[in-house]
Amino acid sequence: MELNLKLREKDKIVKEIIEKYKRAQLNILFLDQHYNYYPQTNLFKIRDTSVPYNIGESSILAQLQKKQRLEAYVLIVEQIHSCLSEDTLDFVKHQYLNYYDPHWWENKYSRSSYYRLKNASLNEYITTALQFYSLTDLCKMLEE
């Protein structure tokens, strides 16, 4: 499937997907470390009778739902990565996931080969992402 997008637009879509993926992983880690989802009692806390009982339950339920949404998003992106070819996955890891050196490609590729690989990799990534996202969702990522 050939998309009529410029390289910069494809780059922006993939960056947005990867950035949301990284943020979701960090949020899951935060929720795992700072929230205890198991019932517990605190004997040293004085009960405030003016506060209804279900306020704590609703916040725990909201945190659980948020964590489930984040985990579902991470799972979708990991499924996208599992469907990619080795060259594309290597490119995505170097360019977006582990972005330590912006000139990582200079030892491996010439400039024209790099942009050819980038265009092919972004096409494959977006085509694979279209199996999980709708085209309107990807267009919304362009507008943001």
Side-chain angles (χ1 to χ4, degrees), residues 1-45 48 51-144:
M1 176 180 196
E2 185 64 31
L3 297 170
N4 294 328
L5 297 173
K6 296 177 183 168
L7 185 63
R8 186 171 288 164
E9 294 170 336
K10 293 176 196 175
D11 187 49
K12 186 174 181 181
I13 289 172
V14 173
K15 274 184 186 175
E16 184 72 25
I17 292 172
I18 299 291
E19 287 301 315
K20 285 183 180 181
Y21 170 71
K22 288 179 180 179
R23 263 187 260 125
Q25 285 182 323
L26 288 174
N27 284 335
I28 289 170
L29 184 65
F30 176 80
L31 290 173
D32 283 341
Q33 290 178 351
H34 294 286
Y35 288 96
N36 186 3
Y37 297 110
Y38 298 104
Q40 58 188 0
T41 58
N42 188 354
L43 299 175
F44 300 107
K45 190 174 185 180
D48 185 9
V51 179
Y53 287 114
N54 61 0
I55 287 190
E57 294 173 3
S58 64
S59 68
I60 289 174
L61 184 62
Q63 294 299 327
L64 275 173
Q65 290 171 344
K66 179 180 179 182
K67 184 179 176 189
Q68 288 174 345
R69 283 193 308 270
L70 293 171
E71 287 174 343
Y73 183 79
V74 166
L75 184 65
I76 287 173
V77 174
E78 288 174 355
Q79 286 177 344
I80 290 172
H81 291 174
S82 69
C83 295
L84 297 175
S85 66
E86 286 184 29
D87 292 336
T88 301
L89 187 59
D90 185 49
F91 179 83
V92 168
K93 282 182 181 178
H94 282 295
Q95 189 71 26
Y96 301 107
L97 288 173
N98 303 329
Y99 189 71
Y100 301 119
D101 182 21
H103 303 289
W104 64 270
W105 55 272
E106 289 178 350
N107 295 335
K108 290 183 175 183
Y109 308 108
S110 66
R111 184 178 295 273
S112 61
S113 296
Y114 166 74
Y115 281 107
R116 201 174 307 118
L117 175 67
K118 183 174 184 175
N119 196 20
S121 297
L122 293 179
N123 279 338
E124 183 181 348
Y125 196 95
I126 291 175
T127 303
T128 307
L130 281 174
Q131 296 174 0
F132 299 97
Y133 291 106
S134 68
L135 192 58
T136 55
D137 291 340
L138 292 179
C139 290
K140 285 180 186 176
M141 289 180 193
L142 271 177
E143 294 170 359
E144 293 175 353

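Taking the six-membered ring where tryptophan is involved, the planes of W104 and Y114 are perpendicular, since the angle between them exceeds 60° and thus also 30°.
Taking every heavy atom of both residues into account, T88 and S85 meet most closely at OG1-OG, 3.1 Å. The two residues I17 and Y73 come nearest to each other via the heavy atoms O-OH, 3.0 Å. Shown here for K10 and L5, the closest heavy-atom pair between the two residues is CE-O, 3.3 Å. Across all non-hydrogen atoms, the minimal contact from A24 to V74 is CB-CG2, 3.7 Å.
Note that CD of E124 is 5.0 Å distant from CG of L84, once rounded to the nearest 0.5 Å. Interatomic distance, CD of Q95 versus CH2 of W105, reported as 9.5 Å (0.5 Å rounding). Here the OH-SG distance, from Y125 to C83, works out to 10.5 Å after rounding to the nearest 0.5 Å. Between the CD1 atom of I13 and the CD1 atom of I18 there is a distance of 12.5 Å, given to the nearest 0.5 Å. Separation of atoms CD (Q131) and CD1 (I126) is listed at 13.0 Å; rounding is to 0.5 Å. Note that NZ of K15 and CG of L122 are 10.0 Å apart. Values are rounded to the nearest 0.5 Å.
Taking 4.5 Å as the limit, every side-chain heavy atom of T128 sits out of range of all side-chain heavy atoms of Q79. Taking 4.5 Å as the limit, every side-chain heavy atom of Q25 sits out of range of all side-chain heavy atoms of V77. The shortest distance between side-chain heavy atoms of R116 and S112 falls below 4.5 Å. In this structure, K67 and D32 have side chains that are in contact, with non-hydrogen atoms separated by less than 4.5 Å.
In this structure, K22 places its NZ atom where more than 12 heavy-atom neighbours from other residues, nucleotides or ligands lie under 6.0 Å away.
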